[in-house]
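FYI, the numbering just counts along the sequence from 1. We count ligands from 1, going down the list as the structure has it; atoms in each ligand are counted the same way.
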Amino acid sequence: MTRHFLRDDDLDPAEQAEVLALAARMKAEPFAHRPLDGPRTVAMVFDRPTLRTQVSFAAGIAELGGNPMTVDGGLAAMGQREGVEDVARVLGRQASAVVWRTAHQSDLVTMSLHAGVPVVNALTDEFHPCQLLADLQTVQEHVGTLAGVRVAFVGDGACNMGSSWVLAGATAGMHVTVGAPRGYLPDAGVVEHARDIASSTGGAVELTHDPVEAVTGAAVVVTDSWVSMGREEESIDRLRAFPPYGVTPDLLSHADPAAIVMHCLPAYRGKEIAAEVIDGPQSVVWDEAENRRHAQKAILAWLLERA
Ligand code: NVA
């Protein structure tokens, strides 16, 4: 059966650990695994702006022996020129896997039902699971383990990164606390499902409106932009609600003194993260950006072996 990676909980705890172990091996020996030798093509479709995702997938697919084919979502105009179903059927005849950044998770599901090849979520409004694989790899490198590690996600808990952190963190047995203003906590259904997962992994998911409470004692402090792609028209309200949740030196002083600070980027210095924090010694953001390549190679190789 063709497997897909559409949201973080598409991998069960054992599978997530397997993919992360593969990512570590890919990082140690970047040219040793060539499941795309041929070269086989992977289609990367971008309906939204991208930097890290495009370059890390392109470099990673090449390192796997494959051919990264970028499809301009604007030219393809899915949903206008033709439906997602027909595009999926066409891409599946040319490519061994499809990587897609788009707005709606439901469209990604439709793609996965019709492509006939593995489909990977390269960010939707709801989830950003590739970033979470890279982030978990980064935590393993810096903290040494995942199970039991305390994570604080502060800022827009309702964005894709908030949902992905609660799901992937729970899968890894981490203790994730989201600190967000009223109206910006993660989706209740996602939280409930993450808590179900956590009950079997020893993890936990907590929600609070108090940023200090969220961060207190955390070994990992995570934030993300306050205005995600597609939310630009809400900027004024968001820039009013979020300042208490900015990762400043003062907020960070409540975390474990050895805490690492994470951000998927792009970052807005002076808003969700202070310049002295993102550019300071506790920041691991460039490792996260690098690990996108290793982690995405691992999930592609893992999916292709099962296709
Ligand atoms: N939450 C952000 C992540 C960017 C990689 C967004 O969706 O814009």
* To do: Run through ligand 1 for me and note each protein residue having a heavy atom under 4.0 Å from it, chain first, then residue number.
  => Leu123, His128, Cys159, Asn160, Asp224, Ser228, Met229, Cys264, Leu265

* **Same apolar cluster: Met229 and Trp226, side chain cutoff 4.5 Å** =>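 Cluster IDs for Met229 and Trp226 differ.
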
* Asked: Between Thr53 and Arg101, do the side chains contain an N or O donor and an N or O acceptor separated by less than 3.5 Å?
  -> yes

* To do: Compute whether any side-chain donor of one residue and acceptor of the other, for Thr138 and Glu288, lie under 3.5 angstrom apart.
  =>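 No donor-acceptor contact under 3.5 Å links the two side chains.
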
* Asked: Mind checking what makes salt bridge (Lys or Arg N to Asp or Glu O under 4.0 Å) contact with Asp210, not counting sequence neighbours?
  ->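 Partners of Asp210 under the salt bridge (Lys or Arg N to Asp or Glu O under 4.0 Å) test: none.
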
* **Of all pairs that satisfy ring pair (Phe, Tyr, Trp, His ring centres under 6.0 Å), the ones with a partner from residues 170-203, not counting sequence neighbours** =>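 Qualifying pairs, neighbours excluded: Tyr184-Phe242.
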
Return all side-chain donor-acceptor pairs below 3.5 angstrom for residues 264-275, not counting sequence neighbours, or 'none' if the list is empty.
from   : atom 1 : to     : atom 2 : distance (Å)
Arg269 : NE     : Asp279 : OD2    : 3.0
Arg269 : NH2    : Asp279 : OD1    : 2.8
Glu272 : OE2    : His263 : NE2    : 2.7
Glu272 : OE2    : Tyr268 : N      : 2.8

